[in-house]
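Okay, so here's the structure we're looking at.
Since this is a predicted model, take the numbers as computed values, not measurements. Computation of the quantities below employed the complete heavy-atom set of this structure, encompassing side-chain atoms and omitting hydrogens, waters and symmetry-equivalent molecules.
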Amino acid sequence: MATFTHDTFISPLTWRYGSEEMRTIFSERHRRILFRKVWIALAQTECEAGLVKESQVAELMEHAEDIDIDTAAKWEAELHHDLMAEIKTYASQCPTAGAIIHLGATSMDIEDNADAIRLKEALGLLAGKVESLLSLFVDKMEEYKAVPCMAFTHIQPAEPTTIGYRFAQTAQDLLHDLDDLRRVRDDIKGKGMKGAVGTSASYVELMKGCAMDAQQMEDRIMDRLGIPAFTAATQVYPRKQDLRVGEAVMNLATTLSRFSLDFRLLMSPPIGEWSEPFGKKQVGSSAMPFKRNPINNEKIDSLARYVESQVNALWQNNSAMILERTLDDSANRRMIIPALFITSDEMVRTASKLLSGMGIHMPAVRRNMQTYGIFAASERLLMELGRAGADRQEMHEVIRENSLKAWDEVQNGRANPLAQLLESDPRILRFMNPEKVATFLNADDYVGLAPQRTERIITLCKKALGH
């Protein structure tokens, strides 16, 4: 086996991104262990049918994890067929069982069933990490569900919302993503044992005169592997499955990407309400010592773009499979499927680190509310003036005139004078006293049903998490 060092190109997914658990699932060693798992299930079932000896099955099981990639690589250099190279390697370790390895099978009976098992493992691991992330969002929602802050539309101050309700938007999307991941995981199927074009012709011949038929044989093998088989397949399982997996992972990526972009905006000093965790020795810039850049959120956004770009190739693989099989999906699947999971694993891990260590700066939250919240609260004042008998159109113009004066002051860096302007405007004072005007201009409680809706999202999250 070649030794890879930093003297040659290696993928960042090999060492920089992703968890050890996810990288292990997509390791070459694990892949070959799964090949052997399928071969053993095949041999065990053929033993039940009277085609293979129990001692041969035992020998295969004894060497199930004796992976020797160096030897397999030498065989592959000669044979130019990776699965045959692994068969030769496994057979060399099993003197009595070597002759029956792969009996009746074609390559994709082994590889596609192994790939299906690996997809299920990876989806399960990723879903578990999304559950942990969602739990962190629940904590944030519970803490901040009723804490008012300015909301922004068109990246301009709009009306107040709550910090918890802002977290609830992402949590709601994560709930959908978690449901997709679980659903796709639970629906993963293997090719089954269907032979060269999916008809199981080789197995029908093999099982003639045996105690079971080809369909019973497939069912027993898949039971042993712990996954069902597609009812219909060609030489491979339908590549639509890869696309469905990719779409579920891509949907998760877009949720995290949107959250991270919003985080970056809220971290910018003019808003300044949120911040990433920042280590004591962390360097923000080699040129500007004062910098505290949103590097973790930028990483999430960058990796999310990569995830999205890969799913198109899975679409192409499915749409261009061509009759019973073409091999032009094989090379890209070796890269794309591991990359999707390792990249998404890194994004979820990073998002969890952000949620756990982020700062929410209440002085900045209050400053923005004091500066901009009163503009939104003037809408409530307009409604209350109407209820007090004022002409709605006239009061709209009064508030608009004063608001424009106040905006000029704010844009020139001065304090917002809107409250004083409205509390002293004689056209308004005909209908209510200054104290009432001041009460209606307090935007802190002008958040509608945001706290209650946040609570509903919390309940849904806890239900999904089994709490």
Side-chain angles (χ1 to χ4, degrees), residues 1-4 10 13-15 18-48 51-79 81-126 128 185 188 190-193 217-218 220-227 229 237 333-334 337-338 341-342 345:
M1 179 182 179
T3 299
F4 299 103
I10 53 176
L13 304 179
T14 304
W15 64 282
S19 65
E20 193 64 35
E21 310 141 283
M22 191 64 82
R23 289 199 297 264
T24 296
I25 287 174
F26 289 100
S27 69
E28 191 60 29
R29 172 178 168 77
H30 185 60
R31 180 172 179 253
R32 291 167 191 256
I33 285 173
L34 292 179
F35 288 169
R36 295 190 179 196
K37 181 176 181 177
V38 180
W39 279 318
I40 289 169
L42 173 62
Q44 287 172 323
T45 306
E46 290 175 335
C47 181
E48 289 180 9
L51 298 170
V52 169
K53 297 176 182 177
E54 289 185 6
S55 60
Q56 291 173 312
V57 174
E59 190 175 60
L60 290 179
M61 295 177 68
E62 182 182 351
H63 296 281
E65 297 192 9
D66 294 344
I67 304 302
D68 184 351
I69 297 177
D70 286 337
T71 297
K74 291 174 184 175
W75 277 113
E76 186 175 354
E78 179 180 332
L79 301 171
H81 194 293
D82 60 345
L83 194 79
M84 277 302 300
E86 187 60 31
I87 292 172
K88 289 277 191 182
T89 303
Y90 198 9
S92 70
Q93 298 167 341
C94 304
T96 63
I100 57 90
I101 296 173
H102 202 66
L103 180 61
T106 193
S107 297
M108 300 313 294
D109 289 348
I110 310 306
E111 293 190 33
D112 264 20
N113 286 315
D115 277 353
I117 295 169
R118 191 164 62 164
L119 283 175
K120 194 170 185 107
E121 291 173 342
L123 285 163
L125 179 60
L126 187 59
R185 175 201 62 197
I188 289 292
K191 175 196 171 182
M193 310 306 287
M217 176 191 181
E218 179 183 83
R220 294 192 192 187
I221 290 172
M222 301 312 288
D223 283 344
R224 285 188 161 101
L225 296 178
I227 53 171
Y237 67 59
R333 289 179 76 251
R334 290 176 189 266
I337 293 175
F341 280 101
I342 296 171
D345 178 270

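Ion pairing between a basic and an acidic side chain is recognised when a charged N comes within 4.0 Å of a carboxylate O; E111 and R333 show no such pairing. Ion pair R118/D115 flagged as a salt bridge, since at least one NZ, NE, NH1 or NH2 atom sits closer than 4.0 Å to an Asp/Glu carboxylate oxygen. Look at K74 and E78 and you find no salt bridge, because none of the NZ, NE, NH1 or NH2 atoms lies under 4.0 Å from a carboxylate O. In this structure, R36 pairs ionically with E86, as a charged nitrogen and a carboxylate oxygen lie closer than 4.0 Å.
Between A116 and G190, the shortest heavy-atom contact is CB-CA, 3.7 Å. Across L34 and A114, no two heavy atoms sit closer than the pair CD1-O, 3.6 Å. Between L60 and A43, the shortest heavy-atom contact is CD1-CB, 3.6 Å. What you find for A105 and I110 is that their closest heavy atoms are CB-CD1, 4.3 Å. Here the closest non-hydrogen pair linking S107 and H81 is OG-CE1, 3.2 Å. Shown here for D109 and V38, the closest heavy-atom pair between the two residues is O-CG1, 3.9 Å.
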Check: What do the steps show when you test Q93 against T71 for side chain to side chain contact (heavy atoms under 4.5 Å, CB included), and what is the final call?
Finding: CA-CA 11 Å; Q93 298 167 341; T71 297; over 6 Å; no
Check: So R23 and I342, side chain to side chain contact (heavy atoms under 4.5 Å, CB included) or not? Walk me through it.
Finding: CA-CA 7 Å; R23 289 199 297 264; I342 296 171; 4.1 Å; yes
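Between M217 and M193 the shortest side-chain heavy-atom distance does not fall below 4.5 Å. Counting heavy atoms from C-beta outward, I10 and W15 have side chains that approach closer than 4.5 Å. Proximity of T106 to K191: side-chain heavy atoms (C-beta onward) are separated by under 4.5 Å at one or more points. Within the 4.5 Å cutoff, side-chain heavy atoms of M222 are placed close to those of N113. For the pair K37 and L225, the minimum side-chain heavy-atom distance is below 4.5 Å. With a 4.5 Å cut-off on side-chain heavy atoms, L79 and K88 count as touching. Using a 4.5 Å heavy-atom threshold, the side chains of R334 and D82 count as touching.
A side-chain contact (heavy atoms from CB on, under 4.5 Å) with V57 is found for one member of M61, K53, E54 and no other, namely M61.
Checking D345 against S19 by side-chain atom types alone, a donor-acceptor pair falls below 3.5 Å.
Going from atom CD of Q56 over to atom CG of L51 covers 10.5 Å, rounded to the nearest 0.5 Å. Atom CD1 of I40 sits about 11.5 Å away from atom OG1 of T45, to the nearest 0.5 Å. Put simply, CZ on R29 and CD1 on I67 are 6.0 Å apart, with the number rounded to the nearest 0.5 Å. Expressed to the nearest 0.5 Å, how far CD of E46 lies from CD1 of I100 amounts to 7.0 Å. The CD1 atom of I227 sits 4.5 Å away from atom CD1 of I117, with the distance rounded to the nearest 0.5 Å. With values rounded to the nearest 0.5 angstrom, I87 atom CD1 is found 4.0 Å from H102 atom NE2.
Residues forming a side chain to side chain contact (heavy atoms under 4.5 Å, CB included) with A85 (at least two apart in sequence, or on another chain): W75, E76. Applying the side-chain hydrogen bond (donor to acceptor under 3.5 Å, both in side chains) criterion to S55, with sequence neighbours excluded, gives no partner residue.
At least one donor-acceptor pair closer than 3.5 Å links the side chain of E59 to the backbone N or O of T96.
By the 30° and 60° cut-offs, the orientation of the rings of Y90 relative to W39 is tilted.
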